[in-house]
Amino acid sequence: MMKNEKNIYYIGPNNLFDLNTTTIQDCVEYLKNKALIAIDIETTMKFNGKYGKREGLDPYLSNIVMFQVGDINRQYVIDYRYVDINPLKEILESNHIVKLGHNIKFEYKHILHNNGIKLNNVYDTMIVEQILFNGYSPKLGLKDLNEKYLGIEVEKATRLEFLTIGDKPFTKKQILYGAEDILYPLMIEKHQAEDIVRKDLSKCVSLEMLFLQVLGDIEYKGINFNTDIWENTYNNNKATYSTLEIELNKYILNSFKDTRFVDKQLNLFETGLKCSINWGSSKQVIDLFKYLEICPQEVSKSTKKLSYTVNATVVKASLKTMNKDIPETYKHLLDIYLRYKELEQCCTTFGIAFFKYINPITKRLHSNYKQILNTGRISSSNPNLQNIPSNDNFRRAFDAPKGYKIVNSDYSGQENICLANTSLDPDILNFYYEGHLDMHSYNAQKIYPELQELSLPEIKKQHPEKRQIAKSVSFALAYGGNGFTISNNLGVSPEEGENIYNAYFDAFPKLKLFFDESIKKSMNQGFIEIDPVTKRKFYFGDFDKLREYKKDQDWKRYYSLKGKYERACLNYIIQGAAGSITKLAAIFFRKWLNDNNLNDYIFITNLIHDEINLEVLENYTEIAARNLEDCMQRAGEIWCKTIPLKADAVITDYWTH
DNA sequence: TTTCGTGGCGCC
DNA sequence: AAAAGGCGCCACGAAA
């Protein structure tokens, strides 16, 4: 069905066109018994661009201008500036009527902000597209899907007109555009529906549609942020950082006066020498270290070539190996440089630049969450709240507002327990059955026969280096590493790396079998079934390329891509199950809040993969903590049937983890 | 001036 | 014949 003006009903003042006009009551009557309706809104800047690009997107900084709602036969275009949409409340909150949209988290937040209405039973064609074509890097814009499914080209200039529309009446073109924005997603849904069934992704879609509301709530509420504490941390770091920079400069001036690393200043006011190195530039520091013949090398992740590097881990390792061969003063230089680097990110990414993310209205941080990554996990941006340094100096700034407490809960050993449950390796299961806590010592004991007679605490105490090796080995292997990886990481011979690899899998033979079969299954079917509950999938989008490389005997590319896919086969099922579990836990918790009318007292403020954070009004902390743990454990039970997944909640004054 | 790729590093 | 998974943000520096 194509766009048809007869199907469009306008609700608002200024009936200037030959379009049907009607009332909000008629709209309610028409929609109230439908099973599926679509909604969309157009927004405008609220403060004339005072807050930059965010205006028009951020619910606190925008106004809704147009509100579109309808089904495939009839689309209502409402002038939100003049028409109260509250009569639609029951429909929007109904659990029986599906509200469909494209990126409907946007509508969810704006309608919540402007009308206090939380959309229920939502359905998002953008999220569905991601689920259906995960791995193919699908284009997700409504424009892209219109072209793909409907063969329709929609010009987007009209959308931009809304940003600055003010109180001007709609043009006919704008009204038609508004109607299209709900008609087309409804048509796209029909095309996607078959695919969902064919690919057995209904459960995944259901989970994500519920989880969408969780993210809507989190993004809208934001998280409390104490600028004084953050700034204090910054000032402390900055002072040391500057001191170290001066020390570095002095060192160069004293020791390398006549090199290209020192500029001679010849202006009238200053005479003397100046260190020309910008220590923040890895390129310039590499240049210096090469000159001193102390620059380590590493295979670059992007170019895959052996290149010089000042990566802190690599420099530290090289410092160890070079120890006797380099002058004391070089060691001193490297030492200062490493301390300087430690503070670099603290002063930039996690410095006062962070303040730009504070919402001018709420004074809180409202991160954007990307709902579905390849593995099924989520990501956070603007700001990224998933990579705040775990150091208290930073996390103290995420404290409780007055009258509130923070509740933090995380799964203990989430990915390890997922792996134990999917692989069912008896020796891993045994670790849990016997109630051990220290997985790395346990692994060390499995790898090294000489540790057989010791207890795990004894291993930790007497053989920390063997434990450390076991830790690094199990980490590498869970992500698809092999003997070569181990030898690289530990700086041992390839033979030794191979030995450790074999010792590890000799100790966990069922794990090896599970890994081998997972790879075989996925590589045969052309996709990874990421987890058995949602049946989320990752498709090998470049599978054709793989065949091509093989045909062309381009072995370099062939093995590179093949290896990448094989590693994904292992890693995605571990990360992915964990990701879905946390999503479901948050869904359960949101439901508990709704069922018990606790939405004004308890708020989810952040999700960090295996961790859920809340802000809770003081009287509700116990009940919130207990229920959060319960929701997390109930979600865990659905995936982890053999070894239970446990969550520990703490009630604190600031983010502690 | 803006845009883009890279190296580097924070988190799980 | 490659060689540990998933992200996002920063500064730099070259290209546009």
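Everything numeric here is computed off the predicted structure, so don't read it as measured data.
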- Item | Ring centres under 6.0 angstrom apart (A:Tyr340, A:Tyr241) | yes
- Sugar-phosphate, base or nothing in reach of A:Tyr558, heavy atoms under 4.0 Å: nothing
- Ignoring hydrogens and angles, answer whether the base of B:dC12 and the side-chain atoms of A:Arg377 contain a donor-acceptor pair closer than 3.5 Å. yes
- For residues A:Phe354 and A:Tyr234, establish whether the separation of their ring centroids is below 6.0 Å. no
- Message: So, OP1 or OP2 of C:dA11: does either fall under 4.0 Å of a side-chain N or O from A:Thr348?
- Response: no
- Note on the structure: When rounded to whole Å, the CG to C1' distance for the pair A:Leu570 and C:dA3 reads 13 Å
- Query: Is there a donor and acceptor pair, one atom on the side chain of A:Arg567 and one on the base of C:dG5, closer than 3.5 Å?
  - Reply: no
- Message: Tell me whether the rings of A:Tyr337 and A:Phe289 are parallel (<30°), tilted (30 to 60°) or perpendicular (>60°).
- Response: perpendicular
- Report yes or no: is the ring centroid of A:Tyr559 under 5.5 Å from the six-membered base ring centroid of C:dA2, with the two planes under 30 degrees? no
- At under 4.0 Å between heavy atoms, what does A:Ser307 touch on the DNA or RNA strands: base, sugar-phosphate, or nothing? nothing
- Would you say the side chain of A:Asn384 and the base of C:dG8 hold a donor-acceptor pair, judged only by whether the two atoms sit under 3.5 Å apart? no
- Does anything in residues 483-513 of chain A reach DNA chain C, meaning a heavy atom under 4.0 Å, and if so which residues? A:Phe484, A:Thr485, A:Asn489
- Message: Looking at B:dC9, I'd like to know if its phosphate oxygens (OP1 or OP2) sit under 4.0 Å from a side-chain N or O belonging to A:Asn311.
- Response: yes
- Item | Nearest-angstrom distance, P atom, C:dA3 to B:dG7 | 14 Å
- Query: Is there a side-chain polar atom (N or O) of A:Asn571 under 4.0 Å from OP1 or OP2 of C:dA4?
  - Reply: no
- Is A:Asp438 paired with A:Arg467 through a side-chain N to carboxylate O contact shorter than 4.0 Å? yes
- Quickly work out the A:Leu385 CG to C:dG8 P distance and round it to whole Å. 13 Å
- Run through A:Ile612, A:Leu628, A:Leu584, A:Val214 and flag the one making a side chain to side chain contact (heavy atoms under 4.5 Å, CB included) with A:Phe589. A:Leu628
- Close aromatic pair by centroid cut-off 6.0 Å: A:Phe225 and A:Phe398: yes
- Message: Can you see if the side chain of A:Thr309 gets near the phosphate of B:dG8 - specifically, an N or O under 4.0 Å from OP1 or OP2?
- Response: yes
- Message: Once you apply a heavy-atom cut-off of 4.0 Å, does A:Ala312 come out as touching a base, just sugar-phosphate, or nothing?
- Response: sugar-phosphate
- Residues of residues 280-289 of chain A with a heavy atom under 4.0 Å from any atom of DNA chain C, listed by number, are A:Gly280, A:Ser281, A:Lys283, A:Gln284
